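Just so it is clear, the model here is predicted, and its values are computed rather than measured. A note on names: the letters A, B, ... follow the listed sequences, proteins ahead of strands, and every chain is numbered from 1.
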Amino acid sequence: MSKLVLLDGNSVAFRMFFALPLLSNDQGVYTNAVYGFTKVLLKVLEEEQPTHMAVAFDAGKTTFRHDTYEAYKSGREKTPDELSEQLPLLRDVLDAFGVQRFELENYEADDIIGTLAKEAEGEGFQVKVFSGDKDLLQLVSKQTSVAFTQKGISDVHTYDVTAFHEAYGLEPAQLVDLKGLMGDSSDNIPGVPGIGEKTALKMLKAHGDVEGVLSSIEQISGKKTKERLQEHQDQARMSRDLAVIRTDVPLTEGVEATAYDSWNYEKVVELFQNLGFQSLLKELEKEAGIEHKLDDIEVALQKTFTEEMTASPAALVVETPDENYHHSPVWGITVSNENGTFVMELEDALASDRFKQWAGDESKEKVVFDAKQTTVALGWQGVHLQGVRFDALIASYLIDPSASAHDLAAIAERQHGDSVLHDEDVYGKGAKQQKPGVDELAQHIGRKGEALLKLQPVLLEALKANNQIDLFESLEMPLSLILGRMETYGVQVDEKQLQMMGEELNETLTKLEQEIHELAGEAFNINSPKQLGPILFEKLELPVLKKTKTGYSTSADILEKLQDEHEIIPKLLHYRQVSKLKSTYVDGLLKVVHPSTGKIHTMFNQAITQTGRLSSAEPNLQNIPIRLEEGRKIRKAFIPSQNDWMILAADYSQIELRVLAHMSQDERLIEAFREDMDIHTKTAMDVFQVQPEEVTDQMRRSAKAVNFGIVYGISDYGLSQSLGISRNEAQSFIDTYFATYPSVKAYMDEQIENAREQGYVTTLMHRRRYLPEITSKNFNRRSFAERTAMNTPIQGSAADVIKKAMVDVEQALIDEGLESRLLLQVHDELIFEIPPHELDAMKRLVPRVMEGTIELDVPLQADVAYGDTWYDAK
DNA sequence: CGAAACACGC
DNA sequence: GACGTACGTGTTTCGA
């Protein structure tokens, strides 16, 4: 059967413009709307497989609708220049794809679509319309369905007759009558004042259409409604007419001209190159099965580690194909220096004393990508690596943490075109990963070594230009070695303890499961929100407070509001909590215990967060439960690795707010910290203007939430959610806070100003975060960038401080000849294991070093706790 | 295999 | 007038 796909060009481009960040290509032309439009087009062509296709555009400013109603679509904001300059490009896109386009003076795109759809229907076509707004829904019929993009590119809602009935309870043709009565503010269609969607729907269900309603005014209930209908009869008729999509537009060509065959590969490639659509080009190549070939480089496959390989500096690659370098095999080693590029099998390298000596020689300079991975991977092979001077991963991350893919291939591509293939393209991914033949492997990892050597001076220059040499050399590089040691050393886990807890949790789960099924009256999978939703909100008829895009929301904050509605709720909440503990923390941790040592070796990612914080993965040891006692018990399973040793934890008190006090120079905040006051109580006193003894729990809770918001850059909405208050109240809290601490306000404004002027904000130690969206026309994007501008210097500087403390603590341990070991970092907290005889020394040393690592205008404070397990270090 | 929903920490 | 709202990691379910 023939299938015609019709796309509303302006409205899709408009949606995409606001949905996507303001991208521009290398000539400075904005391309986000074109990009989004192209994505939609590609998707439509692939998924719909149309035999016929056309895109309609609005032409000119005025249409026949303005003849009947001058104010049609008035009051709309002018199309931003950034968008209108993209519209001509859409035509190039369509031409390259060989898609017919239509536009006609005096008519809107909607009318062209209506006309083509009608004609196609007459010829027995199946028709599908794509648009960014709902006006076109009136075209829905047996043969025609209408899809509109909600937000983003992938979120598309399709309406056929059935779906339309379900959504509106009307016939598609009645949509115009609906608009006739209720109007449409976006098109400035007046409708009947005072009549909204509810009333209009009710009347239409009873009387069919606008005429039907008007001729039975007497039967309409409600005096006001009656009066309004009487008074605005003509306006209702006119509004209805305005909403009607024409199906008789005098097009010069009809459906036969929209026949679609396929697109021309060369033309599309050229177009994408001009527009700078790298990712789309890649997709094209993949689909066309075009393999990315690079010219072979000269690589020497070595059996022995020769003298010429020891030249300094050298790039070193230790190829670990699995993401987890603690367990990954090593597929090969590259050394690249002035004498050439050399690749060795691991076994051959390990058999070479000269290699081990070279690796351990501090004076032999090594350039690597991911110093921690390289050092740790060699460490597991019994090779002690020293002399690592430059880590391209960390350099790239410091230069711009947002540069999404910090993999060598991507960095090399950015700096000097593609010279390294992506691991995925060489090895395959997931279950399909495979070790290639020696020659292919040698080429691949040889290229990595060469790229590294070339990259190093370029990245170094960029670091210099950013004033980040000190940050790089004195903070992040030393830190990466420390993190590597922490990871390799690992944390001891009491497996028996975990297993016991697992059994207890299982019993609780079985019991709760039974009770929940009983209360629900049927058995179902409690872990499935999709099954749980209907049970709660249909079967048990609990009030629906929030929906997700796929169904009912059953998240904890919603369930908490339903606590008293049904006794199943508390049990559900408990079930969720216990099930999380069991799966993530008991089973999850047991799964990653190293079989021979009984230890857990996490990986700290030093190059991922946008603020400069670390993250931890496989397992994540930065989110072990603490808030609720039941979960906190998990910490009993984290124990010292040697008999009689202890766990010692030291955490900074309010480090972010102290950093804020220092950077903003706010006198009240500085004073509060100098006098060591409880900061939330102090904030409550200042904001509510009360004496210390008048601060209620509620006041302190509110103040704490506001401080939390300051630290994490949450919005008025976020604050309102966490306090369970309205958005307005939340906003007025924030306003009062800023009025109370004017220097903080000034500081925040200054950060936003910085971001606007330089494009980025910085931390105490020159860490950087770019915020291009600070100038976005999209309110959300701009607001988010503004909050980020305020928050990143605070959170990022706090991250700087604790990172420096880690470097200092490690040095102090060496200087003092202590055996205590740093195990973990949890953002504002350091965790050690210590021999008992070092307890007194560590109790003094750790806070002293942490507090003294940097001098601010407020004192830093670190509190120490210790015990036999992590649980007891409280 | 990837997306969505949910939950844990800071 | 609506937008969709700290980050990062991990588990489970579910549909392609």
For Arg613(A), is there an ion pair with Glu656(A) - N to carboxylate O distance below 4.0 angstrom?
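Here Glu656(A) pairs with Arg613(A) in a salt bridge, since their nearest N and O are under 4.0 Å apart.
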
Contact class for [X] vs. all strands (heavy atom < 4.0 Å): base, sugar-phosphate, or nothing?
X	value
Thr788(A)	nothing
Gln610(A)	sugar-phosphate
Ala730(A)	nothing
Val711(A)	nothing
Gln721(A)	nothing
Ser783(A)	nothing
Phe784(A)	sugar-phosphate
Leu581(A)	nothing

Proximal nucleotide (of [options]) relative to the [X] side chain:
X	options	result
Glu829(A)	dA6(C), dC10(B), dG9(B)	dC10(B)
Ser583(A)	dG10(C), dA7(B), dT12(C)	dT12(C)
Asn780(A)	dG4(C), dC8(B), dC10(B)	dG4(C)
Ile608(A)	dT9(C), dC6(B), dC8(B)	dT9(C)
Ser715(A)	dC8(B), dT11(C), dA6(C)	dA6(C)
Ile626(A)	dA7(B), dC10(B), dT9(C)	dC10(B)
Arg613(A)	dG8(C), dC10(B), dC1(B)	dC10(B)
Val826(A)	dT12(C), dC10(B), dA6(C)	dC10(B)
Phe779(A)	dG9(B), dC6(B), dG4(C)	dG4(C)

Would you say [Y] and [X] are linked by a side-chain donor-acceptor pair, where the criterion is simply a distance under 3.5 Å?
X	Y	answer
Ser402(A)	Asp400(A)	yes
Glu538(A)	Tyr552(A)	yes
Gln861(A)	Asp863(A)	yes
Glu729(A)	Ser726(A)	yes

Option passing side-chain contact (heavy atoms from CB on, under 4.5 Å) with Met850(A) (candidates Val801(A), Leu860(A), Ile655(A), Leu830(A)):
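It is Leu830(A), the one option of Val801(A), Leu860(A), Ile655(A), Leu830(A) that forms the side-chain contact (heavy atoms from CB on, under 4.5 Å) with Met850(A).
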
Against Phe537(A), only a single residue in Leu545(A), Leu562(A), Leu532(A) fulfils side-chain contact (heavy atoms from CB on, under 4.5 Å); can you say which?
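Of all the options given, the one that passes is Leu562(A).
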
Quick one: stems for DNA chain C, with Watson-Crick or G-U pairs under 3.5 Å, at least three in a row?
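Stem segments, range with range: B:1-9 with C:7-15.
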
Report yes if at least one side-chain N or O of [X] is closer than 4.0 Å to OP1 or OP2 of [N]; otherwise report no.
X	N	answer
Ser615(A)	dC7(C)	no
Lys429(A)	dG2(B)	yes
Thr550(A)	dA5(B)	yes
Ser579(A)	dT11(C)	no
Thr548(A)	dA5(B)	yes

On DNA chain C, nearest-nucleotide positions of Thr611(A) versus Ala617(A): which is more 5'?
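The residue closer to the strand's 5' end, by nearest nucleotide, is Thr611(A).
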
Can you classify the ring geometry of His327(A) versus His594(A) as parallel (below 30°), tilted (30 to 60°) or perpendicular (above 60°)?
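Correct class here is parallel.
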
What's the gap between dG9(B) and dG4(C) when it is taken at their P atoms, as a whole Å value?
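Comparing P positions in dG9(B) and dG4(C) gives a spacing of 29 Å.
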
Quantified in whole Å, what is the P atom distance between nucleotide dT5(C) and nucleotide dA4(B)?
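My reading of the P atoms in dT5(C) and dA4(B) gives 12 Å.
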
Does Arg769(A) count as lying over the ring of Tyr760(A), i.e. NZ or CZ under 6.0 Å from the six-ring centre, within 45 degrees of the axis?
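No cation-pi geometry.
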
Between the base of dG4(C) and the side chain of Arg727(A), is one N or O donor paired with an acceptor at under 3.5 angstrom?
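Yes, a donor-acceptor pair under 3.5 Å.
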
So with a 6.0 Å cut-off around CD of Gln433(A), is the heavy-atom count from everything else above 12?
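Yes.
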
Rounded to the nearest 0.5 Å, what separates atom CD in Glu522(A) from atom NZ in Lys539(A)?
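Glu522(A) CD to Lys539(A) NZ: 3.5 Å, rounded to 0.5 Å.
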
Strand-adjacent residues in residues 522-531 of chain A, judged by heavy atoms under 4.0 Å from DNA chain C
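Of all residues in residues 522-531 of chain A, the ones placing a heavy atom under 4.0 Å from DNA chain C are Asn525(A), Asn527(A), Ser528(A), Lys530(A), Gln531(A).
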
